Amino acid sequence: MALSAKKQIQYNDDGSPFIRDWLNNREHILNSLLSNLDGMAYCCLLDAHWTMLYISEGCFPLTGYRPEDLMQGGRITFEEITFKEDRKHVRDSVQAAINAHRPFDIEYRIINSAGELRWVSERGKSILNPQGGIEALEGFIQDITSKKQSEQAILEAEQRYRSIFENTVEGIFQTTQDGHYLSANPALAKIYGFNSPDELISNLNDIEKQLYVDKNKRKEFSELMQLRGRVTNFESQVYRRDGNIIWISENARSVKDQNGNLLYYEGTVEDITERKENTAIIEYQATHDDLTGLPNRALLKDRLHQAIRNAERSQSQLAVVFVDLDQFKDINDSMGHHVGDQLLVTMAERLSSCIRDSDTVARPGGDEFVLLLSNLHSIDALSHTLQRILVTVAQPCHIDPREFVVTCSLGISMFPDDGKDIDTLLKHADNAMYKAKQAGKNNFQFYTRELNAMLLERLELEYHLRRAIKNDEFELYYQPKMCLYSGRITGLEALIRWHSPLQGMVSPAKFIPIAEESVLIEQIGEWVLEEACRQSVYLHQQTGHVLPISINISPRQFYNPHLPEMIEQVMAQSHLHPSCLELEITEGTLVSQPSKFTDILKRLKSLGIRLAIDDFGTGYSSMSYLKSFPIDHLKIDQSFVRNLEEDTADQAILRAIVALGKNLGLKVIAEGVETESQKNFLAAIGCDQIQGYLLSRPMSMKDLVEFINARP
Ligand code: C2E
Ligand code: MG
Ligand code: MG
């Protein structure tokens, strides 16, 4: 490179290098440089004309005038080509710089020889004589018109965008990742209920907590941003400043620096509350029956689909019930649609009142309704709902000025037994409904024969049970309890017996659960209490012994708030001392509502009566509740006694329960004791009392009197 450079050097004729001469001629260099510069160098007087003493070649491209045109005595002065409106500004600025002893740097307009307005930038300074006076000015002027134009274009674009930002109806925002606003436009402030963007920015500083109704939404937003760098039509519910909830849709992207680090999010917000509401209305109209407001066929199928999936998951049963109004067609035809419509509305309300909120009543069309009853735990509960429907629908219905009685026929199919899919279940329920019509209307029929038979038997039993009290078909049997230390009878348990004229002696294990499903149990319970109190007095008269009597209280009775009052009344009537009455409450009763249980026990205890936990060991796994309950007796469930001779586990449990009872100061009674060896074992481990066939089976009052009188 150095070698080839050397080769190119040119020499004069005298052998001296050409460049040396050229460099020595400075003016030459300066002129050459100046003429190559894009602009005009000058030297001028500080006078009214800016009289030019020197002008470089750049003058022509800049102004369209030759340097000689502008020089002293030329055809035009620089003052003249300076745009009129800018002349004062130029002069003031130059003067101010001179006064401050610094160079000047100004922008202004000139009019070139073609009469066009051009923007120029001028930089210069004063030339001082040795006395410090100003001799002249020198400087450099450049055309900056195109720079000015693009600046102007940027300014205008910025103004246009600012106008969009300020005036659009969409909210626009920039937010940091941690949930602060960097900027917001007036529309966003308005959407969120603030008076200005500033108010929004200073009040809303934790988007995750303050803005979204669903607290997970901001996380979802950030995750989408991380994954895709943007969110589109991101819909969510947000709180406005006044606490009202609105729907918004966001479109946003993440803005990153060159290294890919997130700087902020920016995007738009649209208030879509109205659209959402309209969609909801349209959706509602598409899925509900106009007349009754009930779900229509489409929604019914949807709900049924859902219910089948839930039932599969929870392994529970689901009933699909077809309801057909028996006399609807006649009424509608004879009285007109107006009456028919009113009737349907009334029936829709009645059906809805018979089911739980979580169940569905739909009107797929005409005078047909379909019910979906899920989470069925017993067929009895279902049968009660069905009966309630029959009774409720058949209430007189007033449509002025008339009164109608309409009955209905119900057909039921069960998931999973009668079908596993929507169409089969609906078809089978429909078939069953026709069976109900054929069977004389105003009744229900199951698709499955066995279920029909079973329910029929239940219904019959219940039907007869209703009459049993009136017909005096109940009797109380008594089973004595014995103290294991003294061998003395310590009390009696009253056990109900039903002499059914049709079925003979029915076990309480069979009919008490049925009675428990309705108010029947309360009537029976009251009868038992009255009878036991009355007979206790009778027993005293016949034997001279006062023996406490225990009666069994079922869960429904127990949770009836009037139970304590009722007991108080009955005791007062029979003059029985409270200490002679004991209530046996099964352990299973308290499982459902332990807290309520304590309150009721305390109220009962305050009457002075005694309380026992029946079937202890079967119902409740936690023993801690025993501490806080005002109980006198624990009755160990028979199942632990039955096999105790062979089963060492049962022995261990019995030992533990007895020890527990002792520690808590409770008397422990073992039920179902049938053999001597069971009795001996129980005596050995410190159990207080026994009850069971070994001592005596439950017996009638007549036999009991003999039993007691026969004892030493
Ligand atoms: P429970 O209160 O646990 O009554 C004990 C049951 O065990 C009685 O059956 C009794 O006859 C039977 N039993 C007594 N000793 C023995 C024995 O040594 N071996 C065997 N295998 N069994 C024995 P019962 O009378 O059929 O009563 C069954 C259940 O019906 C009672 O269980 C009680 O929960 C309920 N119950 C009976 N009477 C009434 C009542 O008046 N009201 C209510 N709410 N429930 C009652
Ligand atoms: Mg009992
Ligand atoms: Mg028991």
Side-chain angles (χ1 to χ4, degrees), residues 465 468-469 473-482 491-500 504-536 548-560 563 566-567 570 581-590 610-620 631-645 657 668-679 682 687 689-701 703-704 707:
L465 201 51
I469 296 181
E473 290 165 10
F474 291 125
E475 183 184 359
L476 282 185
Y477 271 34
Y478 298 91
Q479 189 177 34
K481 301 175 208 173
M482 184 183 83
L492 308 162
E493 177 173 7
L495 293 159
I496 194 166
R497 296 293 175 260
W498 179 20
H499 304 284
S500 160
M505 175 91 100
V506 185
S507 155
K510 191 165 178 190
F511 72 82
I512 290 290
I514 293 178
E516 174 72 14
E517 298 249 332
S518 67
V519 285
L520 270 180
I521 192 68
E522 275 152 34
Q523 295 166 11
I524 294 176
E526 197 168 342
W527 178 86
V528 169
L529 184 68
E530 280 170 2
E531 181 72 357
C533 290
R534 201 175 56 77
Q535 293 206 325
S536 168
I549 289 196
S550 311
I551 62 169
N552 293 286
I553 298 287
S554 76
R556 190 170 175 137
Q557 274 178 284
F558 182 76
Y559 286 112
N560 180 344
L563 180 70
M566 197 259 281
I567 292 176
V570 173
L581 184 67
E582 180 172 73
L583 304 187
E584 291 191 8
I585 300 137
T586 55
E587 205 188 16
T589 307
L590 96 159
R610 292 199 280 182
L611 300 172
I613 300 278
D614 204 355
D615 302 348
F616 184 76
T618 56
Y620 199 62
I631 310 162
D632 305 283
H633 290 138
L634 278 191
K635 291 189 80 177
I636 307 177
D637 191 66
Q638 326 191 345
S639 57
F640 300 109
V641 178
R642 197 170 300 135
N643 301 319
L644 83 86
E645 283 113 327
I657 296 179
V668 181
I669 306 175
E671 289 184 309
V673 180
E674 296 184 358
T675 66
E676 274 301 325
S677 75
Q678 287 168 346
K679 174 183 150 188
L682 289 161
C687 181
Q689 299 174 30
I690 55 162
Q691 184 184 356
Y693 295 169
L694 178 67
L695 178 63
S696 162
R697 288 184 173 256
M699 56 199 147
S700 66
M701 180 47 83
D703 292 344
L704 179 69
F707 176 86

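Atom set for the values below is all heavy atoms of this structure, side chains included, hydrogens, waters and symmetry mates excluded. Remember, it's 1-based here, ligands and their atoms both numbered in the order they're listed. Keep in mind that this is a model prediction, so the values were computed, not measured.
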>> Measuring from non-hydrogen atoms of Lys635 to any atom of ligand 1, is the shortest distance under 4.0 Å?
In response: no
>> Using a 4.0 Å heavy-atom cut-off, which part of Arg642 comes near ligand 1: side chain, backbone, both, or neither?
In response: neither
> Is it the side chain (CB and beyond), the backbone, both or neither of Asp615 that lies under 4.0 Å from ligand 1, heavy atoms counted?
Replying inline: side chain
> Among protein heavy atoms, which sits nearest to atom 15 (N) of ligand 1, and what does the distance come to when rounded to 0.1 Å?
Replying inline: Gln479 NE2, 2.9 Å
> Can you list the ligand 1 atoms lying under 4.0 Å from a non-hydrogen atom of Val528?
Replying inline: 41 (O)
> Among protein heavy atoms, which sits nearest to atom 40 (C) of ligand 1, and what does the distance come to when rounded to 0.1 Å?
Replying inline: Ile496 CG2, 3.9 Å
>> For ligand 1, which is the ligand I care about here, please tell me if Gln691 has any N or O atom under 3.5 Å from one of the ligand's N or O atoms.
In response: no
> Under 4.0 Å between a Lys/Arg side-chain N and an Asp/Glu carboxylate O for Lys481 and Glu582?
Replying inline: yes
>> Under 4.0 Å from a heavy atom of Glu674: which atoms of ligand 1 are those, numbered in the order shown and with their elements?
In response: 17 (C), 18 (O), 19 (N), 20 (C), 21 (N)
> Backbone, side chain, both or neither: what part of Ser554 comes under 4.0 angstrom of ligand 1, heavy atoms only?
Replying inline: both
>> Tell me the contacting part of Arg497 for ligand 1: side chain, backbone, both, or neither, using a 4.0 Å heavy-atom threshold, strictly below.
In response: side chain
> Using a heavy-atom cut-off of under 4.0 Å, does the side chain or the backbone of Asp614 touch ligand 1, or both, or neither?
Replying inline: side chain
> What pair of heavy atoms forms the shortest contact from Asn552 to Ala494, and how long is it?
Replying inline: ND2-O, 3.4 Å
> What residue among Glu671, Gln691, Glu674 forms side-chain contact (heavy atoms from CB on, under 4.5 Å) with Gln638?
Replying inline: Glu671
> Glu493: which N/O/S atom is nearest the Mg ion (ligand 2)?
Replying inline: OE2
> So which of Glu587, Gln689, Glu584 actually passes side-chain hydrogen bond (donor to acceptor under 3.5 Å, both in side chains) with Lys635?
Replying inline: Glu584
> What pairs with Phe511 under ring-ring contact (aromatic ring centres under 6.0 Å, His included), at least two apart in sequence or on another chain?
Replying inline: Phe474, Trp498
>> Would Glu493 count as a contact residue for ligand 1, given that I'm defining contact as a non-hydrogen atom of the residue lying under 4.0 Å from a ligand atom?
In response: yes
> By number and element, which atoms of ligand 1 are closer than 4.0 Å to a non-hydrogen atom of Gly692?
Replying inline: 15 (N), 18 (O)
> Purely on distance, is any nitrogen or oxygen of Gln638 under 3.5 Å from one on ligand 1?
Replying inline: yes
> Which protein N, O or S atoms lie under 2.8 Å from the Mg ion (ligand 3)?
Replying inline: Asp614 OD1, Asp615 OD1, Glu671 OE1, Glu671 OE2
>> With respect to the Mg ion (ligand 2), please indicate if Asn552 possesses an N, O or S atom at a distance under 2.8 Å.
In response: yes
> Quick one: does ligand 1 sit under 4.0 Å from the side chain of Gln557, the backbone, both or neither, non-hydrogen atoms only?
Replying inline: side chain
